[in-house]
Amino acid sequence: MKSPKFDYVRAGSVADAMTAYAEADGDAVFVSGGHSVVPSLALRLQAPALMIDLSAIEALSGIDLRDGWLRIGAMTRHAQAMTDPLIATHAPLFAAAAPFVAHPAIRNRGTLGGSLAHADPASEFPAAALAMRAELEIASAQGIRRVPADDFFVDIYETAIEPGEVLQAIHVPCAVAGQMVAFDEIARRRGDYAMVGAAVQAVSAGEGLQDVSIAMFSVGNRPVRAASAQVALTGRALDAPAIAAAQAALADDLDPPDDPQFPASMRLHLARVLLGRVLAKLETAA
Amino acid sequence: MNIEIALTVNGETVRETVEPRTSLADLLRDRLRLTGTHLGCEMGSCGACLVMLDGAPVHACLVLAVQADGQKVETIEGLNESGHVSDLQAQFHDRNALQCGFCTNGMVMSAQALLSDNPRPSRAEIRDALSGNYCRCTGYEAIVDAIAATADRRAGIGETVE
């Protein structure tokens with residue numbers, strides 16, 4: 001289908017973008033890569049009067065290290081997340097997740113910030129951000145604030161970003177020595193939405209696993225932290241009994257809905273199978 | 001609202017006035033009559049509309065013409081004229097890697113991008129590179145064959161198809 005009519009402005013700065021949004025009385029949509037917004041317009045799921053293009057705003061680009069955090073500009077393309085050396089070293093779960101995101105041509109346009117702001121509960125980067133305990137930098141008329149990923153994802157397609165605000169960057173605490181990561185998903189076809197997915201990181205220390213962080217996705221209305229599974233692994237060696245304990249604990253963390261494709265019990269089963277696979281391939285980041 | 005844009009299409013500067021909702025694919029097909037770019041799903045699933053935008057394959061159905069303002073677009077017509085994919089085209093032809101031809105534009109775009117990044121891909125890597133390209137005729141096997149054979153020929157292995 002074709003999109004309904006809308007006006008278009010290419011914003012030169014975040015302030016300009018927010019002003020344009022206010023002047024349109026909120027009847028506007030921000031676009032970065034456009035790979036969720038444009039199909040939603042073509043499918044007529046939304047019909048804003050104005051599209052505000054953020055892609056030319058220089059302040060939204062760039063990847064740099066600051067005080068133990070990696071700041072990733074919201075306009076960073078998925079393809080860049082696959083190849084950028086700073087992301088590979090300091091935010092390795094984004095690099096591990098990127099090959100699972102859609103298809104090569106989509107990854108040339110889609111942006112990290114767009115994916116997080118869109119907050120599709122079946123998409124990969126939100127779960128990676130949650131597992132890495134990222135913080136999201138949001139600009140509003142009142143100033144800039146940082147929201148931890150645990151508080152950022154609110155509901156299906158709903159985040160802590162209020163109408164008219166702009167996600168500027170993703171801050172990831174740099175990977176520490178001994179940190180291990182793994183990412184995987186179960187999907188019927190390569191690049192299709194996951195039936196279930198998992199992003200895991202942990203530190204291997206003398207006294208067993210520490211700082212275990214597990215985010216499951218495509219299991220509910222937002223990416224879910226598997227807190228009980230994290231507890232089940234903490235302080236233990238990464239062996240078969242520990243993995244089995246984490247798999248068992250998932251029942252306390254996940255409450256997946258029944259779905260036209262398959263029942264909740266099957267999704268929980270798949271989540272356990274996948275968590276076992278991901279834990280078994282945890283390895284030290286590059 | 002109408003917006004004036006200027007972009008380079010197959011090496012030529014094009015100036016057009018478009019509605020913001022006009023996709024790059026509609027601009028190419030309806031205004032410029034470059035109908036080698038096909039429109040299937042118009043939602044980024046089928047891959048029939050791939051074009052090169054600043055050298056990388058993108059879905060022309062998901063890029064608005066206004067977003068391509070100031071950028072370089074190369075369509076299958078441009079790739080064909082340049083001769084850069086003539087060996088790939090010959091392999092597709094030789095191996096019956098197309099039947100109806102609707103997907104072929106996108107297949108050639110994906111294959112060309114793959115081979116420029118990774119000149120010696122495995123069959124699994126070729127399949128992965130084609131994961132966003134639907135073909136409803138061939139079952140993909142002949143397409144993978146054609147791309148693998150092109151990679152071999154470009155590496156100097158095997159015979160060139162006449």
Side-chain angles (χ1 to χ4, degrees), chain A residues 1-11 24 28-56 75 77-80 82-83 98-111 114 187-193, chain B residues 1-3 5 18-26 30 39 41-71 106-107 109-114 116-118 121 124-134 140:
Chain A
M1 281 175 65
K2 306 297 181 188
S3 300
K5 288 189 178 187
F6 50 82
D7 290 344
Y8 172 89
V9 60
R10 192 181 283 193
V29 63
F30 293 122
V31 67
S32 51
H35 277 34
S36 297
V37 170
V38 173
S40 80
L41 294 169
L43 292 165
R44 308 223 168 188
L45 299 174
Q46 56 179 339
L50 175 67
M51 173 184 283
I52 303 166
D53 190 345
L54 306 177
S55 63
M75 208 56 61
R77 311 271 178 191
H78 301 343
Q80 199 180 348
M82 291 175 72
T83 55
F100 292 92
V101 180
H103 312 291
I106 302 273
R107 296 196 291 261
N108 287 333
R109 288 289 290 176
T111 66
R188 287 202 165 92
R189 296 182 309 119
R190 182 71 171 169
D192 206 344
Y193 287 106
Chain B
M1 175 185 251
N2 286 310
I3 294 182
I5 58 170
V18 295
E19 284 187 326
R21 64 173 174 166
T22 306
S23 71
L24 177 59
D26 283 340
D30 298 345
L39 268 175
C41 67
E42 297 193 63
M43 52 186 277
S45 293
C46 76
C49 68
L50 296 187
V51 298
M52 298 290 182
L53 184 65
D54 285 343
V58 303
H59 291 81
C61 75
L62 296 187
V63 177
L64 299 172
V66 288
Q67 293 177 299
D69 185 22
Q71 296 189 267
M107 293 292 178
M109 291 283 168
S110 287
Q112 182 68 1
L114 170 70
S116 63
D117 290 344
N118 177 5
E125 287 170 330
I126 294 171
R127 286 190 165 275
D128 196 42
L130 300 180
S131 65
N133 294 90
Y134 288 0
Y140 302 97

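Quick note on labels: first sequence line is chain A, next is B, and so on, each numbered from 1.
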Of all heavy-atom pairs between B:P20 and A:Y8, which one has the smallest distance, and what is that distance? CB-CB, 3.4 Å
Value rounded to 0.5 Å, distance of CG in A:L41 from CZ in B:R21: 11.0 Å
With a 6.0 Å cut-off (strictly less than), is the heavy-atom count around OH of A:Y193, excluding the residue itself, greater than 12? no
Can you confirm whether B:M43 is buried at CE, in the sense that more than 12 heavy atoms of other residues, nucleotides or ligands lie under 6.0 Å from that atom? no
Can you tell me which of A:R107, A:M1, A:M51, A:H35 forms the most heavy-atom pairs within a distance under 4.5 Å of chain B? A:H35
For B:A129 and A:P104, which heavy atoms make the closest approach, and how far apart are they? O-CG, 3.9 Å
Output all residues satisfying ring-ring contact (aromatic ring centres under 6.0 Å, His included) with A:H78, sequence neighbours left out; order by chain, then residue number. A:F125
Which atoms of B:E42 approach chain A - backbone, side chain, both or neither, heavy atom under 4.5 Å: both
Could you go through the side chain to side chain contact (heavy atoms under 4.5 Å, CB included) check for A:V31 and B:Q67 one step at a time? CA-CA 10 Å; A:V31 67; B:Q67 293 177 299; 4.1 Å; yes
At a 4.5 Å cut-off on heavy atoms, which part of B:L62 comes close to chain A: side chain, backbone, both, or neither? both
Quick one: are B:H59 and A:V38 in side-chain contact, heavy atoms under 4.5 Å? no
Chain B heavy atoms under 4.5 Å from A:P4: which part of the residue, side chain, backbone, both or neither? backbone
Could you tell me the separation between the CG atom of B:D69 and the CZ atom of A:R10, rounded to the nearest 0.5 Å? 5.0 Å
What part of A:D53 is in contact with chain B, defined as an atom under 4.5 angstrom from a non-hydrogen atom: side chain, backbone, both or neither? side chain
Once rounded to the nearest 0.5 Å, what's the spacing between atom NZ of A:K2 and atom CD of B:E19? 12.0 Å
Contact class of B:L130 relative to chain A, heavy atoms under 4.5 angstrom: neither
Would you find a donor on one side and an acceptor on the other, under 3.5 Å apart, between the side chain of A:R190 and the backbone of B:D128? no
Is there a side-chain contact between B:C61 and A:P39 in this structure, where contact means two heavy atoms from C-beta onward sitting under 4.5 Å apart? no
With chain A, the option among B:T22, B:L39, B:L64, B:L50 that has the most non-hydrogen atom pairs under 4.5 Å is B:L64
B:L114 versus chain A, heavy atoms under 4.5 Å apart: side chain, backbone, both or neither? neither
Contacting region of B:N2 [heavy-atom separation from chain A under 4.5 Å]: neither
Which atoms of A:L43 are under 4.5 Å from chain B, going by heavy atoms: the side chain, the backbone, both sets, or neither? side chain
